[in-house]
There are 2 protein chains.
Amino acid sequence: MSKISDIAKEAGISVATVSRVINGTATVSPETAARVQAAIAKFNYQPNVWGRRLRQQASRMILVFVPNIRNPYYASIVTGIEETARKLGYGTTLCITNDDKTRESEFKDLLQNGHADGAIFLYIDKQNTEIPKLAKTFPIVQCCEYCQDDSVPHVSIDNFGAAKQVVNYLISTGHKTIGFVGSQNHYISSEERLNGYKSALIEAGIKVEESLIAFADVDYNFKSGIRAARELIDQVKSPTALFCISDVLALGAIRAVEESGRSVPQDISIVGFDDVEYASMFKPMLTTVSQPGYSLGKSSADMLIKKIKNEMTDSSTFLPHKFILRDSTAIFKA
Amino acid sequence: MSKISDIAKEAGISVATVSRVINGTATVSPETAARVQAAIAKFNYQPNVWGRRLRQQASRMILVFVPNIRNPYYASIVTGIEETARKLGYGTTLCITNDDKTRESEFKDLLQNGHADGAIFLYIDKQNTEIPKLAKTFPIVQCCEYCQDDSVPHVSIDNFGAAKQVVNYLISTGHKTIGFVGSQNHYISSEERLNGYKSALIEAGIKVEESLIAFADVDYNFKSGIRAARELIDQVKSPTALFCISDVLALGAIRAVEESGRSVPQDISIVGFDDVEYASMFKPMLTTVSQPGYSLGKSSADMLIKKIKNEMTDSSTFLPHKFILRDSTAIFKA
DNA sequence: ATGAAAGCGCTAACAG
DNA sequence: CTGTTAGCGCTTTCAT
């Protein structure tokens, strides 16, 4: 492992000039620069990060808070963040919290420690008050989910618009009794999707009925999707279409419909959300909304690093989603 | 951000002693230690990592090379590694390579740089020769997949034994014409599972027939699973059971069987491998083998950090798998 | 049991 | 355009 003084000696100059060449912080004569480059190449020199960071008091690390990465939806966001950050010279530390508050605060210590220069949060409850506080001291960006306090910037899709688009589509294909399967969590996305659902109905002159709205468990699990869907389709006035706020819940809904002796999409249309990999491995293939996971990650990282460098100009961003029409929806037949 | 000299001043002693208290590197009088602890608590002091690492010439970081984390199977391994490493005082940098050789070597530079003290690899081809070379210079552990050169330790399940157990089960339930759906990759796991399949047949006195063995694409994708299974079941002498080396391939096989007008498990039994989350969301729920992802990660991290500290005693480890009997297999009826 | 001081590798302020 | 030098925060001899 060569160090800067080895390069200086080899090039016959001082370490300061070598540093200048490496960092481009001052003009160096072309000949000197060339000699330095040659020496660097010869020794395959790379500056020691610890020395540099100690000196600059910057970690060039960002934290990514994620509840788990088993969910492929988080996985692509994280990939987008990691690749982008590295391109910009930042490392990434994944804070996989598994909903463990202790682990979460251990990770937050990394910010206090100077271990990291900023953080991206992927699962902030809408009522969260801790993040705005933390954001006063450290650069923070929220991705996908965000709190109502709009002092902390976020990157996400337009959940309200996406939900509205889904329900408008169902209405346009003749459905009038449309159910909604949500989740009992406190994510803004769940709320916005419910609002979008309601808004589409109202604009179409269809009354919003609480009996057509059901909620699955906080963690969107398959079984609770079955349960919630069953509540809706077992009623006398069964919906002819169901909008579910996640694909797993939609797959649960399909199961519920099939178990009730009806079929998808002939009797009941089902729409999911997320476009998980296996959404197209099921039969029928799921109509759903896909989120640009990688881009969401990329934008978040770009935004955070701008904030860290104090180059921040723009605030919250909304990225486009895609409505994906597959086989779990059909035109309504009376 | 307080520093060690602040603590020293507060406690009325030298920085050296503070350091000794923090690191337990020498005996310090109880009274002094108590004063130091009090000062640390008062200032909520945490040693600066860059100063410490610069001094100790150790990064306390490990690298985890993973092709992607969209695959939930990798996700749980990574979680196991991360949690274990952090408990032992090590950070983790995910090297998500997406099969990009450039990115891969960028990440390997992090080892040369002193950015990381060691690495865990999750997807080594069995013929790989680069890893044994790299392992001469840096602490390295392989997880799940490994190269034939046994100079580099690994942690994995017994793929041969697991495959044998699956096929023995099928044989014990009356099946005699058993097919195998593998992959054209060069992973040792694929090879071992094929060997286990063959060995079980041979021990049962059943001839191994090449016409009952088919291969899906390198990336185990769903469509190629359908294709490979179709090759086997479209034959005059169709197998009555299929052992697939991954769940996604098994789900493809189920689709192929259904599309051929037969059903699973009544006509053909199907077994997968991995126990992905959605294996039990399909109908029929998949009989499969589950790997202890989290434990595989944990053991790899433990082993690597031992190697880094030169405490390495044990070599390669095999962890127990679990055969999970669900609904995609049935007793053979002639 | 404790303190003084060197120095890990680097950058930046200052001087020329 | 370049060199000298201080010092980032910490650990670790070497003294005492």
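No experiment lies behind these values; they were computed from the predicted model shown. First the proteins, then the strands, lettered A, B, ... as listed; each starts at 1. Quick note: numbers below take in every heavy atom, side chains included, and nothing from hydrogens, waters or symmetry partners.
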In terms of heavy-atom contacts, A:L296 and A:C143 come closest through O-SG, 3.8 Å

Sorted by position of nearest nucleotide on DNA chain C, 5' first, the leading residue of B:E31 and A:V18 is B:E31

Walking DNA chain C from its 5' end, the first of B:A33 and B:Q57 to be reached, judged by nearest nucleotide, is B:A33

By the 4.0 Å heavy-atom rule, please label B:S19 as base, sugar-phosphate, or nothing.
base

- Message: With ring-ring contact (aromatic ring centres under 6.0 Å, His included) as the criterion, how do A:H186 and A:Y123 come out once you've worked through the C-alpha distance, each side chain's angles and the decisive distance to 0.1 Å?
- Response: CA-CA 10 Å; A:H186 297 124; A:Y123 58 109; over 10 Å; no

**OP:** Would you please say whether a donor-acceptor pair under 3.5 Å links the side chains of A:N98 and B:E83?
**Re:** yes

Ordered by number, residues from residues 36-55 of chain A within less than 4.0 Å of DNA chain D (heavy atoms) are A:L54, A:R55

Would you indicate whether the side-chain heavy atoms of A:R52 and A:P47 approach each other to under 4.5 Å? yes

Span of DNA chain D engaged by chain A, first through last nucleotide within the 4.0 Å heavy-atom cut-off, is D:dC1 to D:dG9

Exercise. So, A:T79 versus A:S76: side-chain donor-acceptor pair below 3.5 Å or not?
Worked result: no

Practice prompt. Answer yes if the side chains of A:N159 and A:S189 hold a donor-acceptor pair under 3.5 Å, and no otherwise.
Written response: no

#### Entry: Polar contact flag, side-chain donor to acceptor under 3.5 angstrom, B:N128-B:Y146
no

(request) Examine the side chains of A:S316 and A:H154 and answer whether a donor and an acceptor come within less than 3.5 Å of each other. (result) yes

Rounded to 10°, the helix from C:dA1-D:dT16 to C:dG16-D:dC1 deviates from straight, judged by its five-pair end axes, by 40°

Rounded to whole Å, NZ of B:K9 lies from P of C:dT2 at a distance of 20 Å

field: Presence of B:S29 side-chain N/O under 4.0 Å of C:dA1 phosphate oxygens OP1/OP2
entry: no

Whole-Å distance, A:R20 CZ to C:dC14 P, equals 14 Å

message = Is the shortest side-chain heavy-atom distance between A:T93 and A:V64 below 4.5 Å?
response = no

Under a plain distance cut-off of 3.5 Å, with no hydrogens placed, do A:N23 and A:S19 share a side-chain donor-acceptor pair?
yes

Closest non-hydrogen atoms of A:D117 and A:Y90, given as atom of the first, atom of the second and distance, are OD2-CE2, 3.7 Å

